[in-house]
Amino acid sequence: MASTANTGRTWSRRSWLAGGAALAAAGCASAGGSKRGRKPVALTPMLYYLGAAKVFALNPEGGAPVVLHDATPTDGSRPRGVNDGIAIDLDGGHIYWTNMGRAEDRDGSIHRCNLDGGEPTVIVPPGAGAWTPKQLKLDAAHGKLWWADREGMAIMRCNLDGSKIEAMIRIGDPVTYKGDETLWCVGIALDPARGQIYWTQKGGDNAGQGRIRRAAMEVPRGSHPSRRDDIETLFARLPEPIDLDLDLTTRRMYWTDRGDDTVNRAPMDAGDDYDPARRADREVLVTGVRDAIGVSLDLKRGRMAYTSLHGEVGVSGLDGGGATMLASGQGLLTGVTWLG
């Protein structure tokens, strides 16, 4: 991944709180102007992403990362869990994120704060129903948060206030199949118009066991989350797929792969009689993303952002062209999303 130094405008926490309030207002107006009685306002694109215990914001046009929320223990100990998935509700003015907790304790949690980092709140407390929640997506039209639950071996959802937690897909029994990484659900993406969920099952470390799968967002009548016959496997034998995002216009799915340190894309619809283990239409777009994790598309501007466990935030065109490192050396990084 090409590297360039940060240049241009620098954002401090103070300037973010001053300018970010206007940004948040603009965001709410853009997404829900009729609800708030405001005219839509042009929104400056920003990146929001996660560290182990932090929520960051970054101006991709130039500037340094800003820490909006920091839950790092003050006694020098390590955070209890690692943040992973992030989503933004512009209409509600909130950032949501998951924390994986400790798998052995089944104590994952889901959090939210304002767009400027204020008023942090736990909406799904540890042990309340999220085992090790990973990538997170927002279905704003239906007021739902969706996440892939790794050791829970499930695709989950809840209301925006954390209520009504429910498993929509249960890949395996997490007690019976404890430690079976082929059943671990990691990345997730939504196609609400078609009523479909996409997710990854990563498999072992660079083991060639990874899958990308698809099913209906609602459990079919007569079925059960652990007994569904509508699940399609779109890809199999991938190195180790992690996070997902979708371009619903061109019908392409994008994903990171931690096994071979890449960002990839392929058609969402493979046609008839395809073999998911032998598909030849995977495009490797960006290489050298060390332990690649997060990916998010900025379709308005024809670009994408991605993050790595090695503290990198990169951006490139949707075809992988012009790959540039925006920031590095920030410690472990996970989920990423665009605002604007």
Side-chain angles (χ1 to χ4, degrees), residues 85 87 134-142 144-148 154-157 168-169 171 184-203 208-220 228-260 262-286 289 292-306 316-321 335-338:
K134 297 284 287 177
Q135 192 175 13
L136 181 74
K137 288 294 171 72
L138 171 75
D139 178 5
H142 300 97
K144 296 288 185 179
L145 291 170
W146 290 77
W147 70 91
I155 300 299
M156 309 286 295
R157 74 180 181 187
M168 304 306 293
I169 298 173
I171 298 300
W184 285 4
C185 302
V186 177
I188 187 171
L190 305 177
D191 183 355
R194 297 195 182 198
Q196 293 178 318
I197 324 162
Y198 291 69
W199 73 94
T200 64
Q201 292 171 218
K202 78 177 201 68
Q209 300 171 325
R211 288 182 279 181
I212 300 177
R213 310 185 82 182
R214 174 171 67 189
M217 293 175 72
E218 299 297 331
V219 179
R228 294 186 56 160
D229 60 7
D230 65 325
I231 296 176
E232 303 173 73
T233 298
L234 303 177
F235 267 96
R237 296 185 183 175
L238 292 171
E240 191 183 355
I242 306 296
D243 280 6
L244 277 171
D245 205 357
L246 303 177
D247 182 343
L248 299 177
T249 300
T250 65
R251 301 291 297 170
R252 286 171 170 158
M253 53 188 175
Y254 291 70
W255 72 93
T256 51
D257 197 298
R258 198 169 75 184
D260 60 5
T262 58
V263 184
N264 310 265
R265 74 179 175 189
M268 295 163 61
D269 309 301
D272 298 330
D273 300 323
Y274 68 93
D275 181 346
R278 296 179 181 274
R279 285 183 63 169
D281 53 356
R282 171 194 177 195
E283 294 181 75
V284 177
L285 304 176
V286 183
V289 186
I293 298 294
V295 63
S296 183
L297 306 182
D298 177 9
L299 297 175
K300 294 179 185 177
R301 299 166 187 85
R303 60 184 175 177
M304 62 181 174
Y306 39 88
S316 76
L318 292 176
D319 62 357
V336 63
T337 192
W338 290 93

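Fair warning: this is a prediction, and the values are worked out from it, not measured in the lab. We count residues from 1, following the sequence as given.
Taking the side chain to side chain donor-acceptor pair (under 3.5 Å) definition, one finds that Asp275 meets it with Arg278, sequence neighbours left out. Applying the side chain to side chain donor-acceptor pair (under 3.5 Å) rule to Arg251 yields the partners Asp191, Asp269; only residues at least two apart in sequence or on another chain are considered. Take Ala140 and apply the side-chain contact (heavy atoms from CB on, under 4.5 Å) test, not counting sequence neighbours, and it matches Leu138.
Atom CZ of Arg237 has 12 or fewer heavy atoms from other residues, nucleotides or ligands within 6.0 Å.
Using a 4.5 Å heavy-atom threshold, the side chains of Tyr306 and Asp245 count as separate. Taking the side chain as every heavy atom from C-beta outward, Met253 and Phe235 approach each other to under 4.5 Å. In this structure, Thr249 and Leu299 have side chains that are not in contact, with every pair of non-hydrogen atoms separated by 4.5 Å or more.
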Audit row: Ile197, Leu190, side-chain contact (heavy atoms from CB on, under 4.5 Å) steps and yes/no: CA-CA 5 Å; Ile197 324 162; Leu190 305 177; 4.0 Å; yes
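Between atom CD of residue Gln201 and atom CG of residue Leu238 there is a gap of 11.5 Å, rounded to the nearest 0.5 Å. Atoms CZ and CG, on Arg214 and Leu234 in that order, are 5.0 Å from each other to the nearest 0.5 Å. Within the model, atoms CZ of Arg211 and CD1 of Ile171 stand 7.5 Å from one another, a figure rounded to the nearest 0.5 Å. Distance check, rounded to the nearest 0.5 Å: CH2 of Trp146 to CZ of Arg157 gives 4.5 Å. Within the model, atoms OG1 of Thr250 and CZ of Arg265 stand 7.5 Å from one another, a figure rounded to the nearest 0.5 Å. The distance from the OG1 atom of Thr233 to the OH atom of Tyr274 is 7.0 Å, given to the nearest 0.5 Å.
Distance alone, capped at 3.5 Å, is enough to place a donor-acceptor pair between the Lys137 side chain and the Ile188 backbone. Side-chain atoms of Arg228 come within 3.5 Å of backbone atoms of Met168 as a donor-acceptor pair (strictly under, hydrogens ignored). Without hydrogens or angle criteria, Asp298 side chain to Met304 main chain gives no donor-acceptor distance under 3.5 Å. Without hydrogens or angle criteria, Thr256 side chain to Asp243 main chain gives a donor-acceptor distance under 3.5 Å. Within the 3.5 Å criterion, the main-chain N or O of Ala87 finds no donor-acceptor partner in the side chain of Thr337.
The two atoms that bring Trp338 and Ser296 nearest to each other are NE1-O, 3.0 Å, heavy atoms only. The two residues Pro239 and Gly259 have their closest heavy-atom pair at CB-CA, 4.0 Å. Between Pro241 and Gly210 the shortest heavy-atom distance is CD-CA, 3.4 Å. Nearest heavy-atom pair, Met268 versus Leu246, reported as atom, atom and distance to 0.1 Å: CE-CD1, 4.1 Å. Smallest separation of non-hydrogen atoms from Asp319 and Leu285: O-CD2, 3.6 Å. The two residues Ala148 and Gly187 make their nearest non-hydrogen contact at CB-O, 3.9 Å.
The side-chain contact (heavy atoms from CB on, under 4.5 Å) test with Pro267 singles out one residue from Arg279, Arg282, Arg252, and that residue is Arg279. Results of the side-chain contact (heavy atoms from CB on, under 4.5 Å) test with Gln135 over Ile242, Val186, Leu244 single out Leu244 as the only residue that passes.
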